[in-house]
Each structure stands twice: as C-alpha cells, then as structure tokens.
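Below you'll find the structure, written out as structure tokens, and then a few comments.
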Amino acid sequence: MKQQIATLLSSAIARLQADGRLPAELQPRIQVENARNKAHGDLASNVALMLAKPAGMNPRELAQLIVDALAPDPAVKSVNIAGPGFINFFIENAALSDVISVIEQAGCSFGHCDAGKKEKVILEYVSANPTGPLHVGHGRGAAYGDALRRLLGAAGYDVHSEYYVNDAGRQMDILAVSVWLRYLDLAGEAGIAFPPNAYQGDYIWDIAATLHREHGDDYRVTALDLDSLPGDDDEAKMDALIARARELLGEEKYAFVHHLAHSTLVDYIRDDLNEFRVEYDAWFSEKSLMDSGAVDAAVEKLRASGHVYEKDGAWWFRSTDFGDEKDRVVVRDNGVKTYFASDIAYHLNKQERGFEHMIDIWGADHHGYVPRVRAAMQALGQNPDSLEVLLVQFAVLYRGGKKIPMSTRSGEFVTLRELRHEVGTDAARFFYVMRKAEQHMDFDLDLAKSQSNENPVYYVQYAHARIASVFRQLGDKGFVYARDEADLARLDNDAEQSLIDQLNRYPELIRSAAAKREPHQIAYFLRETAQAFHSYYNAHQFLVNDAGLRNARLALIKATQQVIANGLDLLGVSAPETM
RNA sequence: GCCCCGGUAGCUCAGCCGGAUAGAGCAGCCGCCUCCUAAGCGGCAGGUCGGACGUUCGAAUCGUCUCCGGGGCGCCA
C-alpha cells in the first residue's frame with residue numbers, strides 16, 4: 001500500500017515536471033509513512049516539505065499542486081493537506097481488508113519477500129570456545145543470531161548458519177590439563193597444586209570423573225613429576241605444565257584427554273543450543289582447518305602478496321596498510337600460529353565456499369578485532385564489505401539487585417541451561433531479542449523468575465491461544481466457520497480497523513527488520529498486534545448470530561493468529577493453542 | 001591516551017537515514033468477569049529526550065564539544 005502511494009506521488013511529480021510546472025532537475029525522494037495519528041489519515045507523505053526549498057515554493061502550495069496532479073486510484077478514499085504541508089491519504093476500507101485474503105493464501109509464508117535475491121549468506125554466531133558450558137552472555141548471541149537466521153531467510157536470503165568450534169589452540173590445552181589434574185586428584189595423587197589460571201568449574205571434575213571411571217589409573221603419574229615448573233608468571237608456568245603433561249603422558253594419551261575434554265563440552269553445547277531451538281547448518285572445526293593445511297596456506301598467501309614481514313622472530317601481518325591501528329602477529333616466535341591466523345583461514349574458506357556475504361555475530365568485547373579481520377580480507381583481494389560484523393553488547397546479570405560477576409575460568413557464572421530451566425526457552429528467547437543488539441542489557445534473574453508470568457511473551461502467546469479458543473467454541477455454540485459468508489465490509493469499528501492496519505504493516509516490517517538486522521522490531525510489533533487483538537476481544541463479541549459479521553470477524557482473527565504465529569516463529573518462540 | 005556501545009517517565013526500554021501533541025511494559029492509583037480463557041480490558045498520573053553550542057522552516061533524531069556509565073586496546077583465544 002505504501003509502495004502504491006509512493007508510485008502515485010512520484011508519477012504526479014514527474015507529470016508536473018514534464019509540464020514545466022516544477023523544475024525538471026528536482027530529484028524527489030518519496031517517503032510515505034504510516035500516519036501516527038489516525039485523524040491524519042492512514043498514510044502520510046512529507047514530500048512537499050522536502051521539495052519546497054529546491055522548488056522555491058511554499059510547502060502548502062506545492063502540496064496542493066501535487067495533490068491536484070494525483071491520478072485517481074480506487075484504493076484512495078480522500079487526500080488532504082495538513083500542518084506545514086503534509087499530504088495525508090485516507091484509504092478505502094476494502095483495500096485495507098484485502099490483506100486478510102492475502103494472509104489466507106500465503107499462510108506461514110505471509111510477509112516473506114525476495115529482498116535478499118537469494119544471495120548466499122553465511123551467518124556465524126555464538127562460536128564460544130568449548131572450554132565450559134554456555135553462559136547467559138552466549139545466550140544472547142544465540143537468540144539474536146538464530147532470530148536473524150530465520151529473519152534473513154524470510155526476507156529471501158539463502159542463509160547458511162555455522163558454529164566455528166575453536167577446538168585447537170592453547171585454551172584447549174589448558175582445558176585438557178585442567179581435566180587431567182582433577183583426574184590425578186581423583187586417582188589419589190595428593191599434593192597437586194591446581195593452577196589459578198586453569199579451569200575451575202565443577203564440569204571439569206565431571207569430565208575427570210568419567211576419565212577415571214572408564215580408564216582407572218591409565219593416565220596417572222606421580223604428583224612429584226609436576227613440581228617445580230619453570231616460568232616467571234602463571235601463564236609461563238601453564239605453558240610449562242602443558243609441555244610437561246604431553247611429555248609425561250605421551251602424545252597419544254595426551255590427545256585422548258584433549259579430545260575427551262573438548263568433545264564432551266562440544267556435545268554439551270550442542271545439546272544446549274538444540275534445547276534452545278538454535279539451529280545450525282554446520283559445525284566447523286578449527287582443528288580441521290589446521291589439519292588440512294588451510295591455515296598454512298592462508299598465511300603463505302598473505303606472505304606471497306607481500307603483506308607479511310618478520311620481526312623479533314615472529315611473523316607480522318601489516319594490517320596497518322588497511323587501516324588497522326597496529327600490525328598483528330600471525331605466527332609466534334615459537335612457530336605457533338595465532339588464533340588470528342586460523343581466523344583468516346576460516347574467513348577465506350567461507351569465501352572459497354562461495355558465500356558472497358559473511359555475517360559474524362560477536363560479543364562487543366571483540367570489537368577491536370574487526371579491523372584486522374577486515375584488513376586480512378582486503379589483503380587477500382576480497383571486498384572488505386563482504387564481511388559484516390554485528391556486535392552484541394553484554395548482558396549484565398543481576399540477582400537481588402546486585403551485579404553477578406562472571407568468569408569462565410573461575411567457574412562463577414549462570415549457565416544458559418540454568419536460565420532455560422528457570423524461565424523457559426520461550427521467555428528467555430523473547431526477552432533476549434526484545435532489546436536491540438547494541439543496547440546493553442540488564443538481565444534481572446529475580447524478575448525473570450518471580451514474574452515470569454508477566455513476561456511480555458505470554459501476552460503475545462495468549463493472544464494466539466485465545467484465538468484458537470474462539471474457534472474451539474464455535475461448535476459449542478452451534479456455528480461453523482464459513483469463510484465465503486464473511487462480509488469483510490462490515491469490519492468497520494475502530495478495533496477492527498487498527499487490527500487490520502497492524503496486519504498490513506507486517507510485510508514492510510519483515511523487510512525493514514531484515515535490512516537493519518533488527519529482530520527486536522518483530523518483538524515490538526507482536527506486542528502491539530496482541531494489544532490490538534486483546535482490545536478487540538474485550539470490546540466486541542466474535543460469535544454473534546449475524547453470519548456475515550460473525551464470519552468476517554472470524555476471518556480477521558484467524559488472519560491475526562497467522563501473523564502472530566509467523567512472527568513468533570521468526571523469534572524461535574512457540575505459538576501455543578492453549579495456555 | 002585511542003576506539004566501540006549506551007545515557008528518553010520511579011524502573012526496564014522503543015522511537016534515531018529530521019517532520020505534526022515524545023511512546024510501551026513494569027511499578028502506582030481508579031474502574032471492568034450473569035458475556036468467546038481476567039496470563040485480559042478501560043482510565044488517571046508520571047518526561048529539562050545527560051548538558052552546551054551549531055546546521056535547519058523544523059532536532060530525541062544530524063554535526064562539534066563536554067559530562068556520566070559499560071566494554072575494548074597481548075607473540076590470549
């Protein structure tokens with residue numbers, strides 16, 4: 001409808017330009033908005049205000065000129081000029097209620113569009129290191145990423161979603177060593193000092209217990225062998241400890257512990273995300289990238305193109321050539337490739353797999369990392385715009401009015417699993433996605449728990465369930481829903497009009513939310529739609545004796561139910577038939 | 001010091017590629033179930049849009065400066 005009015009306006013202006021009544025060089029940018037105030041009409045355009053200056057005319061006179069030049073349209077009931085020069089359009093009810101038939105035909109694909117033109121997009125989210133359970137911070141990235149996956153799909157993109165598993169590198173070694181030390185403790189080795197920078201959480205004990213239960217003393221060494229590690233600080237001692245562990249266990253046994261630790265956690269994470277209805281097309285292993293030689297190849301490719309130099313025994317990527325604030329190490333002086341090196345290889349791999357556009361969702365704490373990855377893409381000859389990084393701000397947890405400190409290492413955090421059990425998947429996902437990503441979020445656990453019934457998600461779901469309930473009551477009252485008897489022209493009261501307006505907004509909303517990567521728009525829309533429905537429900541009876549009216553009302557609420565279900569689905573929230 | 005995000009009602013937040021009286025939820029107060037689920041509805045009250053200056057016919061929205069809060073600036077991942 002907006003599009004239709006915009007076309008009407010632009011052709012009127014073009015006609016005025018052709019007649020020489022407006023300067024030919026005017027480049028009108030037509031904006032048509034939903035009028036905020038119903039008294040102003042259904043749709044409004046400020047085009048006369050925008051063009052007044054370049055045209056050298058009084059805005060109201062210009063508006064009048066444009067209105068007089070408008071071609072008649074059956075959908076337009078009337079047009080008027082208001083305020084400083086707004087052009088307001090009143091639309092025929094029949095044109096507005098057409099949306100009901102459109103929804104009936106399109107069903108669960110109502111609102112979908114082809115804005116994405118089937119562009120191949122790879123969307124990466126969460127990708128947390130498998131060094132511990134997911135916590136509530138990851139939950140936000142998961143809810144946002146998965147909602148975006150669904151939203152981009154609805155907007156016509158060919159989306160592939162992926163979790164990048166950091167199953168290589170030093171953190172995984174620390175994890176393996178942490179498990180092993182706990183295992184030695186369980187095996188009866190006394191006097192082992194557990195390093196402060198090892199992973200402290202209870203889940204480490206659980207994995208160690210599995211190792212001990214299934215393999216007895218196979219991995220046991222005497223605690224004395226672990227004494228007197230060289231190193232000036234905790235990190236250096238940790239490196240020495242890792243080296244000592246490999247030496248004492250031998251590569252094969254070390255690899256086994258390493259694998260047990262990481263696969264246990266990856267499985268745990270996968271289950272968690274599954275339960276949270278967060279879906280992936282693929283889980284991509286960093287280790288596989290290393291084993292295949294892709295990381296070496298990526299570094300070599302950078303070097304061959306002259307973007308790498310050697311300094312202090314390490315290899316540096318000259319990212320400053322592409323706007324980064326300093327150069328970055330890709331190979332350390334000990335020969336170990338950095339996480340950055342494998343990340344370059346991973347993003348190169350995404351390109352090689354044919355993805356024209358890459359979207360990464362990262363925690364806001366990684367924002368400083370963006371320029372270097374972008375720089376690497378450029379150095380490798382890729383368009384830097386092909387990588388889009390969306391930063392999700394932190395969710396700060398509060399309990400009892402106090403901030404809860406979080407650290408994976410110390411094992412002090414609230415897990416996503418706990419959150420799910422406390423507030424449920426529906427409420428948690430809706431809550432997460434209600435705030436736009438760049439907004440800091442205060443997550444009050446007490447509120448989420450104690451007042452979960454007042455969570456906005458129930459308000460929306462209740463609207464859906466209420467509609468289902470009305471249809472269940474039909475038979476009890478001796479009626480049958482007969483769509484062809486519906487007289488949609490009878491839907492003329494305020495409640496019906498605003499509900500119909502709301503339904504008309506949905507396709508535009510999907511387009512906008514997808515383009516701006518803002519699923520929160522859907523959450524807000526759903527609440528407004530539910531509000532419009534609940535008001536309607538309270539003000540009018542649907543199951544009336546007048547068949548024309550009754551069926552029209554049923555058609556309207558059925559369409560409403562469909563739109564609510566579609567919107568909830570985009571957020572990964574269920575649409576219950578009863579509550 | 002540099003970079004990113006935020007600062008709108010008592011609280012949590014929408015609105016931000018400029019437009020008509022700044023919105024919602026929660027909390028507060030007053031009403032509404034002989035009627036399709038009251039997890040609901042109607043109403044009242046509540047705001048220097050952090051501050052200053054600038055651009056503009058018009059600024060919560062754009063620009064500059066500034067104050068406050070969060071985060072980031074490793075041969076960690």
Side-chain angles (χ1 to χ4, degrees), chain A residues 29 31 33 35-37 39-40 44-46 49-50 52-53 58-59 82-86 88 127-129 131 166 168-172 174 197 235 238 286 311-316 325-326 328-340 342-343 363-371 391-394 396 431 434-444 447 451-463 465-474 476-477 479 516 520-521 523-524 527-528 530-531 533-544 553-554 557 578-579:
Chain A
R29 194 167 58 107
Q31 289 182 355
E33 297 301 327
R36 235 191 302 168
N37 186 333
H40 292 143
S45 177
N46 61 354
L49 292 162
M50 308 271 288
K53 190 164 216 180
N58 169 309
F86 290 100
N88 294 327
S127 296
N129 284 352
T131 54
N166 300 123
R170 184 166 178 268
Q171 295 304 321
M172 296 309 301
I174 297 176
N197 51 346
E235 296 306 321
M238 179 57 78
E286 178 187 10
K311 194 184 83 177
D312 303 332
W315 288 12
W316 299 71
E325 49 187 32
K326 55 193 287 194
R328 310 292 176 176
V329 170
V330 285
V331 183
R332 290 158 65 186
D333 58 3
N334 62 7
V336 175
K337 280 169 277 299
T338 60
Y339 172 81
F340 179 41
S342 41
D343 223 13
D365 53 336
H366 286 68
H367 99 268
Y369 196 74
V370 179
L391 298 174
V392 178
Q393 292 293 327
F394 277 11
V396 180
F431 199 99
M434 270 188 54
R435 275 93 178 95
K436 62 180 181 211
E438 60 268 33
Q439 175 71 248
H440 298 259
M441 186 165 116
D442 288 344
F443 204 122
D444 188 328
L447 191 77
Q451 303 195 349
S452 62
N453 277 3
E454 285 165 22
N455 190 304
V457 70
Y458 297 108
Y459 182 77
V460 176
Q461 290 181 318
Y462 184 43
R466 258 187 161 177
I467 295 168
S469 169
V470 171
F471 279 88
R472 282 193 297 269
Q473 306 269 331
L474 257 187
D476 300 347
K477 300 218 174 191
F479 296 128
K516 293 159 86 175
H520 78 272
Q521 287 190 29
Y524 279 87
R527 199 162 64 181
E528 286 164 23
Q531 152 115 55
F533 169 75
H534 288 308
S535 287
Y536 182 32
Y537 183 97
N538 264 283
H540 303 278
Q541 188 75 15
F542 307 147
L543 300 177
V544 293
R553 287 181 170 173
L554 290 172
I557 65 170
T578 58
M579 284 180 74

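To find a chain, count down the sequence lines: A is the first, B the second, and so on, and within it residues start at 1.
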Between [M] and [N] - [atom1] atom distance, rounded Å:
{"N": "B:C41", "M": "B:G25", "atom1": "P", "value": "8 Å"}
{"N": "B:C17", "M": "B:A59", "atom1": "C1'", "value": "14 Å"}
{"N": "B:A14", "M": "B:G71", "atom1": "C1'", "value": "23 Å"}
{"N": "B:A22", "M": "B:C49", "atom1": "C1'", "value": "8 Å"}
{"N": "B:C53", "M": "B:G69", "atom1": "C1'", "value": "24 Å"}
{"N": "B:G51", "M": "B:C29", "atom1": "P", "value": "31 Å"}
{"N": "B:G50", "M": "B:C11", "atom1": "P", "value": "14 Å"}
{"N": "B:A9", "M": "B:C57", "atom1": "P", "value": "31 Å"}

Under 4.0 Å: is that the gap between some side-chain N or O of [X] and OP1 or OP2 of [N]?
{"X": "A:Arg553", "N": "B:C36", "result": "no"}
{"X": "A:Tyr459", "N": "B:C41", "result": "yes"}
{"X": "A:Gln461", "N": "B:A39", "result": "no"}
{"X": "A:Gln31", "N": "B:G19", "result": "no"}
{"X": "A:Ser535", "N": "B:C41", "result": "no"}

Looking only at the side chain of [X] (C-beta and beyond, no hydrogens), which of the listed nucleotides [options] gets closest?
{"X": "A:Tyr458", "options": "B:A77, B:A39, B:A24", "answer": "B:A39"}
{"X": "A:Gln439", "options": "B:C36, B:C41, B:A14", "answer": "B:A14"}
{"X": "A:Glu438", "options": "B:A77, B:U37, B:G6", "answer": "B:G6"}
{"X": "A:Asn129", "options": "B:A77, B:G19, B:C13", "answer": "B:A77"}
{"X": "A:Tyr462", "options": "B:C75, B:G19, B:A38", "answer": "B:A38"}
{"X": "A:Ala465", "options": "B:U37, B:C75, B:G6", "answer": "B:U37"}
{"X": "A:Thr578", "options": "B:G25, B:G19, B:U37", "answer": "B:U37"}

Discussion item. Strictly distance-based, threshold 3.5 Å: is any side-chain N or O of A:Thr338 a donor or acceptor partner for the main-chain N or O of A:Val331?
Written reply: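 Not at all, since once roles are kept as given, no pair shorter than 3.5 Å links the two residues.
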Worksheet item: Distance-only, no hydrogens or angles: does the A:Asn455 side chain make a donor-acceptor pair with backbone N or O of A:Val457 under 3.5 Å?
Response: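 Checking the backbone N and O of A:Val457 against the side chain of A:Asn455, a donor-acceptor pair under 3.5 Å is found.
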Minimum side-chain heavy-atom gap [X]-[Y] below 4.5 Å:
{"X": "A:Phe86", "Y": "A:Leu49", "result": "yes"}
{"X": "A:Tyr537", "Y": "A:Arg466", "result": "yes"}
{"X": "A:His520", "Y": "A:Gln439", "result": "no"}
{"X": "A:Lys516", "Y": "A:Gln521", "result": "yes"}
{"X": "A:Ile174", "Y": "A:Thr131", "result": "no"}

Gap separating the [atom1] atom of [X] from the [atom2] atom of [Y], nearest 0.5 angstrom:
{"X": "A:Asn46", "Y": "A:Gln31", "atom1": "CG", "atom2": "CD", "result": "5.0 Å"}
{"X": "A:Lys311", "Y": "A:Trp316", "atom1": "NZ", "atom2": "CH2", "result": "4.5 Å"}
{"X": "A:Phe394", "Y": "A:Phe443", "atom1": "CZ", "atom2": "CZ", "result": "16.0 Å"}

Base, sugar-phosphate or nothing for [X]? Non-hydrogen atoms, less than 4.0 Å.
{"X": "A:Tyr524", "answer": "sugar-phosphate"}
{"X": "A:Asp312", "answer": "base"}
{"X": "A:Ala35", "answer": "nothing"}
{"X": "A:Asp442", "answer": "sugar-phosphate"}
{"X": "A:Met441", "answer": "sugar-phosphate"}
{"X": "A:Gln541", "answer": "base"}
{"X": "A:Trp316", "answer": "base"}
{"X": "A:Phe471", "answer": "nothing"}

Can you check the [X] [atom1] to [N] [atom2] distance for me, whole Å?
{"X": "A:Arg466", "N": "B:C36", "atom1": "CZ", "atom2": "P", "answer": "10 Å"}
{"X": "A:His520", "N": "B:A24", "atom1": "NE2", "atom2": "P", "answer": "17 Å"}
{"X": "A:Lys436", "N": "B:A14", "atom1": "NZ", "atom2": "P", "answer": "5 Å"}
{"X": "A:Lys516", "N": "B:A14", "atom1": "NZ", "atom2": "P", "answer": "13 Å"}
{"X": "A:Tyr537", "N": "B:C32", "atom1": "OH", "atom2": "C1'", "answer": "14 Å"}
{"X": "A:Ile557", "N": "B:U37", "atom1": "CD1", "atom2": "C1'", "answer": "13 Å"}
{"X": "A:Glu528", "N": "B:G23", "atom1": "CD", "atom2": "C1'", "answer": "9 Å"}

Who pairs with [N] - Watson-Crick or G-U, where each distance is under 3.5 Å:
{"N": "B:G10", "result": "B:C26"}
{"N": "B:G1", "result": "B:C73"}
{"N": "B:U37", "result": "none"}
{"N": "B:A45", "result": "none"}
{"N": "B:U64", "result": "B:A52"}

Fill in: 5′-ward residue of the pair A:Met434/A:Ala44 relative to RNA chain B
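The answer here is A:Met434.
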Item to complete: Nearest-nucleotide wise, let me know which of A:Asn88 and A:Ala168 is further upstream toward the 5' end of RNA chain B.
Response: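 Closer to the 5' end of RNA chain B: A:Asn88.
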Worksheet item: Is the base of B:C33 syn or anti, where syn means the angle lies within 90° of 0?
Response: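 Base orientation: syn.
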Item to complete: Please identify each residue that fulfils side chain to side chain contact (heavy atoms under 4.5 Å, CB included) with A:Lys477, with sequence neighbours left out.
Response: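 A:Lys477 satisfies side chain to side chain contact (heavy atoms under 4.5 Å, CB included) with A:Phe479, A:Gln541, A:Leu543 only.
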Practice prompt. Ignoring hydrogens and angles, state whether a donor on the side chain of A:Glu286 or A:Ser342 is under 3.5 Å from an acceptor on the partner side chain.
Written response: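 Distance-only check passes for A:Glu286 and A:Ser342.
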Practice prompt. For the pair A:Phe340 and A:Tyr369, name the ring-plane relationship: parallel under 30°, tilted 30 to 60°, perpendicular over 60°.
Written response: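 The arrangement is perpendicular - the two ring planes meet at more than 60°.
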Item to complete: Apply the test side-chain contact (heavy atoms from CB on, under 4.5 Å) to residues A:Arg170 and A:Val336: give CA-CA distance (whole Å), side-chain angles for both, the deciding distance (0.1 Å), then the verdict.
Response: CA-CA 10 Å; A:Arg170 184 166 178 268; A:Val336 175; over 6 Å; no
Tabulate protein N/O versus nucleotide N/O from nucleotides 66-74 of chain B, keeping only pairs under 3.5 Å, one per line.
unit_1, atom_1, unit_2, atom_2, d
B:G69, N2, A:His440, NE2, 3.3
B:G71, N2, A:His367, ND1, 3.4
B:C73, O2', A:Glu325, OE2, 3.1

Report each atom pair, protein N/O against N/O of nucleotides 55-57 of chain B, whose distance is under 3.5 angstrom.
unit_1, atom_1, unit_2, atom_2, d
B:C57, OP1, A:Lys53, NZ, 2.8

